[in-house]
Amino acid sequence: MGATPSKSTEPQHVFAADHPVRFSEFLVNTLQNNPETDSSRAKNLELIIQQRVTSELQKHLSQADSKLASLGDALSSEPINSSNSSSSSSSPSYTEKPLLTRLTEKITGNVSDAPSQGEEGGKGESGLDREKVEKDLSELRKKLNARRKIVERDEGVERAKEEVVACLKVNDRRPLDCWEQVERFKAEVGRLERSFVDRNAA
């Protein structure tokens, strides 16, 4: 069984057709002598696709790097408005466009001369300025400090909860027998919710 080799040294291509073959001898010889197989063709195609994808990716990466470098150069070479910085060093200048708007304009190439959000006399479109924001923050801090840090537990709810737990421990095989305790607990929780809503709605 193992004395004869299982494969011949030269692969033989035999073409059998029902009709007479009218191919030229050159074409038939080329096909028979071609060492390329289906798997080798698939591998070659895969290599070509990988090379094209890699080249396209490299091209996109180089374009992104050049855009990033040009944006970095543009931002670093932008002049600082010295008149605004000397007059009000603590507050930001509201006459300049926001950084995001400037970057978007540089990327897309669309430069708009429309006023930015913060140009209307130190106020944005929503009419907020520094004093109003500070006032709102102080009011929120007062409200936060006015709230109680520790919530005291209601005695009625605690008592009803303990009754439910005790009943369930006694009737562990028949939990539906504790429906009266559960209804009392629900009533206490409802009362507590109503008082909470009334207290916070005022």
Side-chain angles (χ1 to χ4, degrees), residues 56-169 175 178-202:
E56 288 293 321
L57 185 61
Q58 290 295 334
K59 186 168 52 169
H60 286 296
L61 284 175
S62 63
Q63 287 175 354
D65 287 342
S66 64
K67 275 189 179 181
L68 185 61
S70 65
L71 285 176
D73 293 341
L75 286 178
S76 64
S77 66
E78 246 181 47
I80 298 174
N81 196 350
S82 59
S83 63
N84 285 341
S85 63
S86 62
S87 63
S88 59
S89 60
S90 62
S91 64
S93 172
Y94 289 102
T95 59
E96 295 180 1
K97 293 180 182 176
L99 178 63
L100 181 63
T101 306
R102 289 183 287 168
L103 284 176
T104 306
E105 288 175 355
K106 289 200 183 281
I107 290 172
T108 59
N110 298 332
V111 179
S112 63
D113 293 333
S116 63
Q117 292 181 359
E119 285 189 13
E120 300 172 0
K123 293 185 179 182
E125 288 180 357
S126 60
L128 296 178
D129 58 358
R130 191 171 62 92
E131 290 83 15
K132 185 168 182 173
V133 170
E134 286 179 357
K135 182 181 172 188
D136 290 344
L137 280 175
S138 64
E139 287 177 7
L140 287 174
R141 282 191 190 110
K142 286 178 187 175
K143 286 182 182 179
L144 185 63
N145 291 335
R147 291 187 178 200
R148 300 170 103 180
K149 301 291 182 192
I150 300 173
V151 178
E152 297 175 3
R153 293 186 176 179
D154 188 62
E155 292 179 18
V157 173
E158 283 296 316
R159 194 173 336 113
K161 177 181 151 188
E162 290 170 4
E163 288 176 4
V164 170
V165 170
C167 181
L168 288 174
K169 284 181 181 177
C178 300
W179 67 271
E180 292 176 1
Q181 289 83 359
V182 170
E183 290 300 320
R184 276 197 293 269
F185 178 73
K186 285 182 183 179
E188 288 294 326
V189 169
R191 179 189 57 79
L192 189 65
E193 286 176 349
R194 283 190 297 277
S195 67
F196 177 77
V197 169
D198 292 342
R199 187 173 62 240
N200 288 329

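- No side-chain heavy atom of E158 sits under 4.5 Å from any side-chain heavy atom of E155.
- When side chains are defined from C-beta on, D136 counts as touching K132, because their heavy atoms get closer than 4.5 Å.
- Rounding to the nearest 0.5 Å gives a distance of 9.5 Å between CD of E180 and SG of C178.
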| task | Evaluate the salt bridge (Lys or Arg N to Asp or Glu O under 4.0 Å) criterion for residues E56 and K59: first the C-alpha distance (whole Å), next the side-chain angles of each, then the deciding distance (0.1 Å), finally the verdict. | result | CA-CA 5 Å; E56 288 293 321; K59 186 168 52 169; 3.5 Å; yes

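- Under the side chain to side chain contact (heavy atoms under 4.5 Å, CB included) criterion, L68 pairs with no residue, sequence neighbours left out.
- When all heavy atoms of D154 and L192 are compared, the pair lying nearest together is CB-CD1, 3.9 Å.
- How far CZ of R159 is from CD of E188: 7.0 Å, rounded to the nearest 0.5 Å.
- For the side chain to side chain contact (heavy atoms under 4.5 Å, CB included) test, residues two or more places apart in sequence or in another chain that qualify with E131 are D129.
- Between atom NZ of residue K135 and atom CG of residue L137 there is a gap of 12.5 Å, rounded to the nearest 0.5 Å.
- Note that the CZ atom of R191 and the CZ atom of F196 stand 14.5 Å from one another [nearest 0.5 Å].
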